[in-house]
Amino acid sequence: MGTPTDTRPDDNLLPRNLPPDVGEFTGRDADVAAILRVGTQPYKRTVVVSGFGGVGKSALAVHAAHKLTSQFPDGQLFADLRGATGREVDAHEVLGRFLQALGVPAPAVPVSTDERIEQYRSRIAGRRMIIVLDNARGEHQVRPLLPGDHSSLVVVTSRSRLTGLDNAESIELNFLPMDAAIELLSRIIGAERIENQRAEAERIVELCGGLPLAVRAAGAKLLARPHWPLKSLVVRLSDEHRRLDELTVGDLAIRSSLGLNYAELDEKQRRAFHLLSVLDLPDFGWWPVVPLLDVAPQEAEDIVEHLVDLRLLEVAGVDAIGRVRYRLHDLVQLFGAEQHESGVGMAAAVTRAMNTWMVLINESSREMPRVTVALRPPTLPDVTVDPALIEDVRADPEEWLKSESAAVVRMVERAYELRINYNTIVSMAAFLATPFSARNEFDAWQRTQEVALEVTSAVGDQNAEAVVLAGLGQLHAEKDDFPAALEHFRKAAKLAVIIGDDATFAAAMVGMGTVHREFAVTGAAVIDLTVAAALGEEINHLGVVAVANYGLGAISRDKGDIAAATAQFQRCIDVYQKAGDQRGAALSLRGLSLCHRAVGEYAPAAELAAQAATILEGLGDDLGAAYARQSWAKAALRLGNHTEAADTLANCLETCTRRQDRFGMALMTRTLGELRLASGDLAAAKDTLTSALDQWAALDLPLWQARTLRDLAAATVTDEPAAAEEHWARARQLVEGTEAREATELAATTPAEWLATVRG
């Protein structure tokens, strides 16, 4: 019987072919610990480190392998499965190299792959070795290189997760946080260079997107130019057109790293990647690829997920209705935007996407209440939208729109920057006005409307410009920025007169009248609203007629003419009901409630306000319902129901705060102050009313300041009579010359008498 051949390599021939450790390795303590932990496990000895290109996967694998050499004394094998030229290196070739490293003479290396696998596994069986397989594209490269037992540790790096490998530990490598990235930069260029330029260093790291490869490239450039202040590189990196050029130093090149993955895309995938990069959306679902490429939903999702697999897209999270959202890393976006060969037909693709978005936005906002006077309605584009996308919206319209808001705003802005189809931009901004106004999304609403104004002004479309100006007036009025609202309404009215647009002129006039009423400029308000009401009747614009009558009713109520106010609010209800506007009718019921309260009819006032709140809540208008509930609470406190009124007002204040409604916040705060005044808690009333007064002053609404000062005088009359007199005098000064009933009341009563009235 022959002696068995000893397959253990000679100690002098143990393979030690790990690359050198990275000297400035930093920021990966938890990931290193995870690999070291796997090295101690007896039955799980494979680790897959996955992540973005340039995120430091190879550096982590090599660093951890060096730390583990004492625990795996039988040698280390290393193979770059992508190769120096970027080609895929197959297992057959790697096995040949490994066998030679294990002491097999080149002529003795088997020809067939299966025999190589058998001999490789036989050679390393029972040996404690570290095997690093770098840059694997797929499981097919790795499986033949895995040992047959668990004595050796295998560390695989890949841009894909390689979930098909059995019993493998997975480590997903993220971008470096700020402090770790700064530490990496300091190790390259020296801590003293960063010490007095910390802000500039942080900006460099930010512009590198926390990507170690980019930070290393930036560091290498600074190291080669020791005379540069860090601000010099900040300026260069801030230019998006030059950033990728600046992050190229020797073999440290972002373009080269991304180019390896880009080369694996087919034509449709490249086009999707380029278009998404050009649009530069903050985050997005897979569905925009449907119109961008004019493909079916399933194919669009597959394309997007393939881009994720290749690390050209990141998963940003899952939205409230369970859909995956994606985003582009800043450097990837710059790279993708450069790939012009994939951008043929970009204008048509972006226009298709915007048209599709308009149809879906219209679908999502179909049941939303309109909170502004209707302007010229945009026309839906003649585009066929895949039914699956429509159904996606119908499943949860509100959450769908909430998820899409940031992307759709950027889409409008980007289309303008790209000078793509001005009519589509203006129409899309118009479609967005309804949902953004209903949800008090003021920033998004303003950004899209301002783009529309720039477009209409630039091309000289005065008809569209007048409509946009009126829309901006409505926006600023809803924001409680009344001076800006008045300015835009005036411009809209002037332009509408020039071009003969009666509908826009009427909407602008009713807007001006509403603002003048808030400013207590009663004469101008009556003129504006009367003109608007008459023109609205003439052109059958029921929305204008109703809003004008509401304003006139409020003015009559403020002047103490309750009979006229009641008739005008009833007229509002009739007009809104004729127009099928339940929200408007409910708000008019609230107005009617205020008339009853003004003459001491608190029970019917509370009943009408409660009816209004119920209708508005049923329509999903929580903000309108909060105003109706406030009216109910004020009637309730007059009836002595203080506890329930307090709870109601607290809820109303929370709603107004959440919806960023400054007028509502001031109103709810003031009413809480009145409640505390009526309850006899004068100290709390003083604090609350002082807060309300500050809010009314910020809104620059004199009548509301006067009403609050009157209550504040009552709250301070006992302990601070001089302050009370000062508040009372200021209130009288604010209403002097107006036709508000408060002017007469303030002249005829004193702070003490008003306190008695409120307490009574």
Side-chain angles (χ1 to χ4, degrees), residues 354-355 357-359 361-362 365 368-381 408-409 411-413 415-416 421-438 441-442 444-479 481-482 484-515 528-529 531-533 535-536 538-548 579 581 584:
M354 294 181 72
N355 285 338
W357 234 312
M358 275 189 271
V359 172
I361 290 164
N362 183 67
S365 58
M368 282 188 175
R370 172 171 286 281
V371 302
T372 57
V373 172
L375 300 171
R376 186 193 310 160
T379 303
L380 270 175
V408 77
V409 170
M411 190 74 170
V412 171
E413 292 175 335
Y416 175 57
N421 200 322
Y422 119 81
N423 284 318
T424 304
I425 294 170
V426 175
S427 294
M428 194 162 173
F431 273 107
L432 288 166
T434 294
F436 284 160
S437 60
E441 294 188 35
F442 297 130
W445 187 8
Q446 185 163 342
R447 285 166 61 188
T448 52
Q449 289 297 304
E450 286 180 347
V451 169
L453 182 61
E454 287 189 38
V455 171
T456 55
S457 178
V459 300
D461 187 340
Q462 292 184 313
N463 288 281
E465 185 178 357
V467 173
V468 174
L469 283 167
L472 280 164
Q474 294 176 342
L475 158 67
H476 287 290
E478 291 297 317
K479 283 178 63 177
D481 184 354
F482 298 113
L486 193 58
E487 179 185 358
H488 284 95
F489 282 135
R490 281 174 174 160
K491 289 180 179 178
K494 181 178 180 180
L495 193 54
V497 168
I498 292 172
I499 60 178
D501 183 350
D502 288 342
T504 302
F505 177 72
M509 289 299 293
V510 82
M512 288 171 59
T514 300
V515 173
D528 295 338
L529 294 171
V531 169
L535 183 56
E538 183 180 330
I539 63 176
N540 197 34
H541 195 320
L542 298 181
V544 166
V545 174
V547 173
D581 187 341

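Computation of the quantities below employed the complete heavy-atom set of this structure, encompassing side-chain atoms and omitting hydrogens, waters and symmetry-equivalent molecules. Keep in mind that what you see is a predicted model, and the values were worked out from it rather than measured.
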Shortest non-hydrogen contact from [X] to [Y]?
| X | Y | value |
| --- | --- | --- |
| L535 | A506 | CD2-CB, 3.8 Å |
| V412 | V451 | CG1-CG1, 3.8 Å |
| A477 | A485 | N-CB, 3.5 Å |
| M358 | M428 | SD-N, 3.6 Å |
| F482 | V515 | O-CG1, 3.7 Å |
| L375 | A470 | CD2-CB, 3.9 Å |

Tell me, with the steps shown, if T424 and V426 meet side chain to side chain contact (heavy atoms under 4.5 Å, CB included). CA-CA 6 Å; T424 304; V426 175; over 6 Å; no
Main chain of L453, side chain of S457: is a donor-acceptor contact present, judged purely on distance under 3.5 Å?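 Absent.
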Check whether H541 reaches the backbone of A374 with its side chain - one donor and one acceptor, N or O, closer than 3.5 Å.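 Yes: the side chain of H541 pairs with the backbone of A374.
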Nearest-0.5 Å distance, [atom1] of residue [X] to [atom2] of residue [Y]:
| X | Y | atom1 | atom2 | answer |
| --- | --- | --- | --- | --- |
| T372 | W445 | OG1 | CH2 | 5.5 Å |
| Q462 | T456 | CD | OG1 | 10.0 Å |
| R370 | S437 | CZ | OG | 6.5 Å |
| Q449 | E454 | CD | CD | 12.5 Å |
| E450 | E413 | CD | CD | 9.5 Å |
| E487 | L469 | CD | CG | 9.5 Å |

Let's go through L495 and E465 carefully: what are the C-alpha distance in whole Å and the side-chain angles of both, what is the deciding distance for side chain to side chain contact (heavy atoms under 4.5 Å, CB included) to 0.1 Å, and is it a yes or a no? CA-CA 8 Å; L495 193 54; E465 185 178 357; 3.9 Å; yes
Below 4.5 Å, heavy atoms only, C-beta onward: do [X] and [Y] meet side chain to side chain?
| X | Y | answer |
| --- | --- | --- |
| Q446 | H476 | yes |
| L432 | T434 | no |
| S427 | T379 | no |
| F505 | V531 | yes |
| F489 | L472 | no |

Report the C-alpha distance between N540 and L542 in whole Å, list the side-chain angles of each, state the deciding distance to 0.1 Å, and finish with yes or no for side chain to side chain contact (heavy atoms under 4.5 Å, CB included). CA-CA 6 Å; N540 197 34; L542 298 181; 3.7 Å; yes
Run F436 and L475 through side chain to side chain contact (heavy atoms under 4.5 Å, CB included) and show every step you take. CA-CA 9 Å; F436 284 160; L475 158 67; over 6 Å; no
Indicate whether the side chain of T504 and that of R376 have a donor and an acceptor atom separated by less than 3.5 Å.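 No - no donor-acceptor pair under 3.5 Å links their side chains.
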